[in-house]
Amino acid sequence: MKKNCSKNPVLAPNLSESVSEANVLKWRKEVGDFVKEGELLVEIETDKIVLEIVSPVSGTLESVLKGIGSLVKSREVLGYVNNCGDRKYIEKFSSDYFQKKSNQNESFSSPSLRRKILKDQNKLLTQKKNLKKLDNFLKEEMNSVDKKKYPFGNMDLSLKKSMEKKNKSYKIIPMTNIRKCISNRLLHSKNNSVTLTTFNEINMQSIMNIRRSYERSFEKMYGFKMGITSFFVKACANSLKKYPEINASIDRENILYHNHIDINVAVSTKRGLITPILRKVEELHLVDIEKKIKEIIEKSSKNYLDLQDLRSGSFTITNGGIFGSLMSTPIINPPQSAILGMHVVQDRVISENKEIKISPMMYVTLSYDHRIIDGKEAIGFLLDVKESLENPILLLLS
C-alpha cells in the first residue's frame with residue numbers, strides 16, 4: 001500500500017495585539033505517540049488564559065520544537081505531526097497503538113487515572129526543578145559570603161549550616177503568567193490613576209423577594225437559577241447611560257467615550273482572577289444577562305475562554321461578597337475609569353419610614369479615576385444604581 005507522508009505543523013493561534021507572546025504550559029502527547037485529528041495536543045498560557053491547541057491531522061507526533069516553558073509568538077510552529085499513510089492505515093495504526101498501550105498498562109484505558117498520574121508526574125517534576133533552583137541559589141549565596149568574608153575559603157561551619165537551613169524554611173514556586181499579569185496591572189493602576197472610592201448600601205429585600213417568589217418557575221423555564229449579579233449588571237448598564245464619563249477611559253491626553261457598554265465580571269479561578277466580558281449589555285434583557293453570566297463562569301472553570309472573551313471592556317463589577325467580604329476598595333481595571341464592588345448580604349437593623357426593622361443589606365463601593373470623574377458624578381451613579389436595585393421591577397421591564 002502506497003503511503004503519502006507529510007509533516008503538518010502545529011501552529012500557535014493568532015494572539016491579540018495586547019498579547020505579544022505565550023508560554024508552553026503542557027504537551028499532552030510525547031514524540032512518537034499517535035494523535036487523532038482535533039485531539040488536544042498542547043496547551044499554551046498567555047498572561048490572561050490557557051489556550052488549547054489540537055492536532056491538525058491524524059498521525060504521529062514527529063517532533064516538538066517548543067518544550068514546556070518555551071515562549072512562542074503568533075502562528076509560530078510548536079512541532080510537527082506526520083500523517084503517514086491513508087485513512088485505513090491511520091485507523092489501523094491507532095487501533096494497534098492503543099491496544100499495545102492497554103496491554104502494557106491496563107490503567108491506560110482510564111482517562112481519569114491517566115490525568116492523575118500525569119498531574120503527579122508534573123507536580124514532582126516541578127518540585128524537583130524548584131529544589132534545584134533553590135539549591136543553586138543557596139550555593140551562590142554561600143559562595144558569595146565565602147568570597148566576601150572568607151576569601152581563602154575558610155567559612156565558619158555554623159554559618160554554612162545556617163544557610164543550608166533556608167532550604168527547609170520556604171519553597172519557591174514560579175509565578176504563573178496570569179499572576180504576573182495581575183501583579184503588573186494592579187501596579188500600573190496604582191501608579192497611573194488618581195483613585196478615590198465612594199460608598200453606599202443597598203436594601204436587597206425586593207430582589208430577595210423576587211428570587212424567592214420566582215426561582216422555581218424561572219429555573220423550570222430557562223434551565224438555570226436566578227442570581228443577583230445579573231441585577232447589578234443591568235442596573236449598572238442603565239446608570240452608565242446616564243453617566244457616560246464612568247463608561248470612558250483615558251488615552252494619553254484624550255478621553256475615550258465608549259459607544260457600547262461592555263462590562264467585565266470578575267471571576268475567581270484556581271489560576272487567578274480573570275475578568276471575562278459581557279458585551280453590549282445595554283441591548284440585553286435581565287434573562288439574557290443571567291444566561292451569559294452562567295456561560296462565562298462555566299467557560300472560565302473549564303479554561304474554555306478565548307482572547308475575545310477578555311478583550312476591551314469598559315467597566316468592571318467584582319463581587320467579594322461570595323467570599324464573605326463586608327466592605328473593600330477595589331482597584332480599577334486599567335484602562336477603565338471605574339469599578340463597582342459588591343459585598344456580602346447581611347441582616348442589619350435599619351430605620352425605614354421612622355420604623356426600626358431588620359433587612360438584608362449590602363455595602364457597595366465605586367472606585368473611580370478622579371482625573372476624569374468628579375465626586376458628584378461618582379456619587380450620583382452609585383445612588384442611581386442603588387435606586388434601581390431597591391426597585392428591581394424596573395430592571396425587569398427595561
Side-chain angles (χ1 to χ4, degrees), residues 15-19 22 45-51 175-193 195 197 227-237 239-240 246-250 256 258 260-282 284 288-323 325 328-343 364-369 373 381 385:
L15 303 175
S16 66
E17 295 179 359
S18 62
V19 180
E45 182 185 45
T46 72
D47 58 2
K48 297 179 179 178
I49 57 173
V50 172
L51 300 173
M175 292 176 69
T176 64
N177 282 354
I178 284 184
R179 180 52 57 185
K180 291 177 184 177
C181 178
I182 292 172
S183 175
N184 291 336
R185 289 177 71 85
L186 293 180
L187 189 60
H188 175 83
S189 179
K190 177 179 179 294
N191 294 334
N192 293 277
S193 65
T195 304
T197 305
I228 65 171
T229 303
S230 55
F231 286 90
F232 278 80
V233 172
K234 185 62 177 175
C236 286
S239 298
L240 287 169
I246 297 178
N247 194 50
S249 58
I250 292 179
L256 306 181
H258 300 280
H260 296 289
I261 298 172
D262 299 328
I263 296 182
N264 298 73
V265 178
V267 176
S268 178
T269 70
K270 293 180 180 179
R271 298 173 56 252
L273 185 72
I274 57 177
T275 53
I277 301 169
L278 300 175
R279 299 194 180 278
K280 298 183 179 179
V281 181
E282 73 276 10
L284 301 178
D288 299 321
I289 293 173
E290 187 67 50
K291 182 179 180 181
K292 288 187 177 294
I293 289 174
K294 302 299 182 187
E295 288 175 355
I296 63 173
I297 290 176
E298 184 176 358
K299 289 174 71 176
S300 301
S301 64
K302 296 181 179 179
N303 284 331
Y304 287 166
L305 290 173
D306 57 37
L307 294 175
Q308 192 62 30
D309 294 318
L310 298 164
R311 192 181 298 159
S312 304
S314 58
F315 183 78
T316 297
I317 296 176
T318 182
N319 185 4
I322 59 176
F323 306 111
S325 173
S328 65
T329 54
I331 297 177
I332 298 169
N333 183 18
Q336 298 171 13
S337 61
I339 179 172
L340 181 89
M342 300 168 56
H343 300 90
V364 288
T365 56
L366 182 76
S367 294
Y368 60 97
D369 191 340
I373 301 173
F381 171 85
V385 170

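For the single chain, residues carry numbers from 1 onward in sequence order.
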Undergrad: Among S367, P334, P335, which residue satisfies the side-chain contact (heavy atoms from CB on, under 4.5 Å) criterion with S189?
TA: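 Result: among S367, P334, P335, P334 is the only option passing the side-chain contact (heavy atoms from CB on, under 4.5 Å) with S189.
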Undergrad: So does K280 get a backbone contact from the side chain of D262, meaning a donor-acceptor N/O pair under 3.5 Å?
TA: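 Checked: pair present.
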Undergrad: Are F381 and L240 side-chain neighbours, meaning at least one heavy-atom pair lies under 4.5 Å?
TA: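 Answer yes - side chains close enough.
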Undergrad: Please determine whether a side-chain nitrogen of the Lys or Arg among K294 and E290 lies less than 4.0 Å from a carboxylate oxygen of the Asp or Glu.
TA: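 So K294 pairs with E290 through a salt bridge.
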Undergrad: Going by salt bridge (Lys or Arg N to Asp or Glu O under 4.0 Å), name the residues that satisfy it together with K190, two or more places apart in sequence or in a different chain.
TA: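 Here no residue qualifies.
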Undergrad: Give a yes or no answer on whether the side chain of N264 reaches the backbone of T275 with a donor-acceptor pair at less than 3.5 Å.
TA: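 Checked: pair present.
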Undergrad: Which distance, rounded to the nearest 0.5 Å, do you find between the OG1 of T316 and the CD of Q336?
TA: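 The distance works out to 3.5 Å.
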Undergrad: Any idea which heavy atoms bring V281 and K234 closest together, and the distance?
TA: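 Closest approach of V281 to K234: O-NZ, 4.4 Å.
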Undergrad: Tell me every residue that passes side-chain contact (heavy atoms from CB on, under 4.5 Å) with H258, counting only those two or more places apart in sequence or in another chain.
TA: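 Residues passing side-chain contact (heavy atoms from CB on, under 4.5 Å) with H258: N247, S249, S314.
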Undergrad: Measuring from atom OG of S230 to atom CD1 of I293, what distance do you get when rounded to the nearest 0.5 angstrom?
TA: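 Spacing of OG (S230) from CD1 (I293) equals 5.0 Å.
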Undergrad: With T329, which residues qualify under side-chain hydrogen bond (donor to acceptor under 3.5 Å, both in side chains), at least two apart?
TA: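 Expected list: none.
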Undergrad: Please identify each residue that fulfils side-chain contact (heavy atoms from CB on, under 4.5 Å) with I317, with sequence neighbours left out.
TA: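 I317: side-chain contact (heavy atoms from CB on, under 4.5 Å) contacts with V233, C236, I263, F315, L340, M342.
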Undergrad: Please find the pair of heavy atoms, one from A237 and one from I261, that lie closest to each other, and give the distance.
TA: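 Nearest heavy atoms, A237 then I261: O-CD1, 3.3 Å.
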Undergrad: Find out whether I331 and I339 are in side-chain contact, i.e. whether some heavy atom of one side chain is under 4.5 Å from a heavy atom of the other.
TA: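 No. Closest side-chain heavy atoms not under 4.5 Å.
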Undergrad: Any side-chain heavy-atom pair from H343 and T365 closer than 4.5 angstrom?
TA: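 A side-chain contact exists here, since the closest heavy-atom pair is under 4.5 Å.
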Undergrad: Output the distance between atom CD1 (I322) and atom OG1 (T229), rounded to the nearest 0.5 Å.
TA: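 One finds 8.0 Å between CD1 of I322 and OG1 of T229.
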Undergrad: So, using side-chain hydrogen bond (donor to acceptor under 3.5 Å, both in side chains) as the criterion, who are the partners of E295 when residues are at least two apart?
TA: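 side-chain hydrogen bond (donor to acceptor under 3.5 Å, both in side chains) check on E295 returns nothing, list empty.
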Undergrad: Mind checking what makes side-chain hydrogen bond (donor to acceptor under 3.5 Å, both in side chains) contact with N319, not counting sequence neighbours?
TA: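 Per chain and number, N319 pairs via side-chain hydrogen bond (donor to acceptor under 3.5 Å, both in side chains) with no residue.
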